[in-house]
Amino acid sequence: MLRRDLLKLLPALPIAAAQSSHPPLKITNVKIIPTSGGARYRWIFVKIETSEPGLYGIGSAGNHYQTHAVIAALENHLKPWLIGKDPSRIEELWQSTHLKTYWRNGPVNNNVLSGMDMALWDIKGKRAGMPVYELLGGKVRDAVPCYDHAGGRDQEACVASAQKSLANGYRYVRIQLGGYGGGGFIPPGQGSRPEGGHTGPAFDEEMYVESVPKLFEYVRSKIGFEPKLCHDVHSHLSGMNAVEFCRRMQPLQMFFIEDVLPPEQLAWYRHIRQICTTPQAVGEVFSHPFEYMPLITERLIDFARCRVSAIGGITPAKKLAHHCEVFGARTAFQEGGENDPVNQLAAYHIDISSTAFGIQEENGFPDSVKEMMPGVAEIRKGYLYGNGKPGLGIDIDEKLAAKYPLQPITDGGPYRLDRALDGTVVKP
Ligand code: MG
């Protein structure tokens with residue numbers, strides 16, 4: 001056929017074929033769903049409804065410590081602004097929502113962004129008839145490896161707990177001597193204290209630097225060097241103590257040491273890098289790209305440890321994963337016991353489609369949550385599995401969520417802070 005003959009045929013083609021096969025879509029409602037999940041959670045879900053009957057998305061905006069600030073921001077500042085907009089324009093909506101607050105990159109704003117962003121990806125996937133990971137490029141692994149949480153009051157209890165994790169199929173285990181800072185606490189009432197001052201457990205950096213490497217020497221002597229071991233310092237150390245701690249941990253061949261320094265002292269990672277090869281996982285409390293970007297580009301850390309909902313959802317988290325890939329770092333998205341199943345699934349879809357993936361933190365949920373949220377991801381023998389359904393693959397039973405309202409917060413709901421002998425607060 002001659003070219004001019006072909007051109008004659010073109011006007012006959014339906015115009016819609018050259019455009020999206022989907023009709024225009026609008027956001028018709030934004031529901032804010034706070035719930036305790038039948039437990040003690042302080043979860044906030046965002047449900048974005050659209051002009052297509054039955055098409056909606058769910059996002060996670062949870063913030064355990066500023067719960068009601070996020071709810072107010074969603075209700076008063078996101079909802080009225082979002083209704084009527086096109087939910088298919090995820091990147092545009094993320095950028096304009098990010099910038100419309102003028103002051104940005106804070107945790108509350110990021111939680112709001114996350115609730116919207118995850119719900120928009122959920123809608124996009126449902127509309128395409130694909131799980132979100134397909135939209136991100138498809139699977140690069142068969143399931144998502146997770147690390148388990150092990151710990152106990154003494155060395156023997158830690159070994160027994162780690163052995164239990166290994167017996168359950170986990171290959172990666174994080175071990176803590178009691179809670180965060182464990183091994184570094186002077187017992188209540190003991191030690192030289194100011195009159196009338198702090199009487200509870202008192203954190204001592206040098207004690208911690210001394211005791212935790214000894215714990216891992218003992219653990220390695222009992223379970224060998226094959227299991228991949230992690231430990232979370234939870235930002236409890238300062239400067240040279242952090243450097244010395246990582247140096248002492250080097251012979252224990254850790255998979256990673258997590259947050260050995262607080263976010264205010266990131267320059268010290270350069271010193272750690274100069275004297276040892278202990279891998280560093282960093283970023284649980286980060287909320288600004290300037291916190292993690294230089295650490296990755298300068299190759300000062302090995303794992304970006306951000307929580308997907310704390311940095312603003314799937315959109316910035318997939319960019320973080322790409323950034324890690326370019327500079328040879330890996331992701332280790334944070335979960336934590338107070339986190340919710342939607343955030344877990346958001347991490348799952350990035351984890352399973354990114355070659356920069358390192359490890360995912362384990363998180364399990366009680367039966368009340370599984371009933372309230374059909375599609376909760378499952379962990380079996382150390383691997384996290386999604387259900388392969390379109391979108392994020394999870395739903396929320398709003399009636400059950402309403403049956404489980406948030407529990408009253410009488411003390412402001414703070415993060416529990418540790419203190420030193422003289423009463424000084426320790427950075428978490
Ligand atoms: Mg942590």
Side-chain angles (χ1 to χ4, degrees), residues 41 60 62-65 107 110-111 145-152 158 161-162 165 170 172-185 203 205 208-209 212 215-216 228-238 241-242 245-246 249 254-266 268-269 272 278-288 291-292 295-296 300-311 317 320 324 329-340 343-344 346-347 351 357-364 384 414-418 425-428:
Y41 297 116
S60 161
N63 184 326
H64 196 76
Y65 308 106
N110 285 355
N111 296 137
C146 293
Y147 73 73
D148 200 13
H149 300 101
C158 285
S161 178
S165 297
Y170 285 93
Y172 303 79
V173 186
R174 194 180 81 181
I175 304 174
Q176 304 296 132
L177 193 56
Y180 296 123
F185 285 108
F203 186 73
E205 291 196 32
Y208 187 85
V209 172
V212 172
L215 162 72
F216 279 89
K228 314 272 187 192
L229 300 184
C230 310
H231 177 73
D232 188 359
V233 181
H234 232 267
S235 308
H236 274 39
L237 295 179
S238 57
N241 278 332
F245 179 78
C246 293
M249 292 300 280
M254 303 296 288
F255 184 69
F256 65 57
I257 295 292
E258 176 179 346
D259 290 325
V260 70
L261 288 154
E264 295 84 0
Q265 294 297 337
L266 301 179
W268 282 94
Y269 280 106
I272 293 173
T278 299
Q280 302 296 321
V282 181
E284 180 169 326
V285 296
F286 286 172
S287 58
H288 196 304
E291 291 168 313
Y292 48 80
L295 293 172
I296 296 167
L300 298 176
I301 64 168
D302 303 275
F303 297 88
R305 184 85 183 104
C306 308
R307 177 182 291 199
V308 176
S309 63
I311 60 171
L320 169 57
C324 285
R330 291 187 275 177
T331 61
F333 290 125
Q334 191 263 354
E335 263 297 309
E338 96 293 356
N339 217 336
D340 67 67
N343 182 70
Q344 183 185 48
D351 292 343
F357 169 79
I359 193 70
Q360 174 68 41
E361 183 170 7
E362 172 274 338
N363 196 11
L384 182 69
Y415 180 82
R416 187 189 58 79
L417 297 168
D418 293 324
V425 73
V426 175
K427 288 197 173 75

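We count ligands from 1, going down the list as the structure has it; atoms in each ligand are counted the same way. In this chain, residues are counted from 1 in sequence order.
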With respect to Y147, which candidate in F256, F255, Y170 satisfies the side-chain contact (heavy atoms from CB on, under 4.5 Å) definition?
F256
Under a 4.0 Å N-O cut-off, is there an ion pair linking E338 with R307?
yes
Closer than 2.8 Å to the Mg ion (ligand 1), which protein N, O or S atoms?
D232 OD2, E258 OE2, E284 OE1
Mind checking what makes side-chain hydrogen bond (donor to acceptor under 3.5 Å, both in side chains) contact with N363, not counting sequence neighbours?
E335
Ring centroid separation for H236 and Y208, is it under 6.0 angstrom?
no
Applying side-chain hydrogen bond (donor to acceptor under 3.5 Å, both in side chains), name anything that partners D259, two or more places apart in sequence or on another chain.
none
Taking side-chain hydrogen bond (donor to acceptor under 3.5 Å, both in side chains) as the definition, give me every residue that meets it alongside D351, ordered by chain and number, with sequence neighbours left out.
none
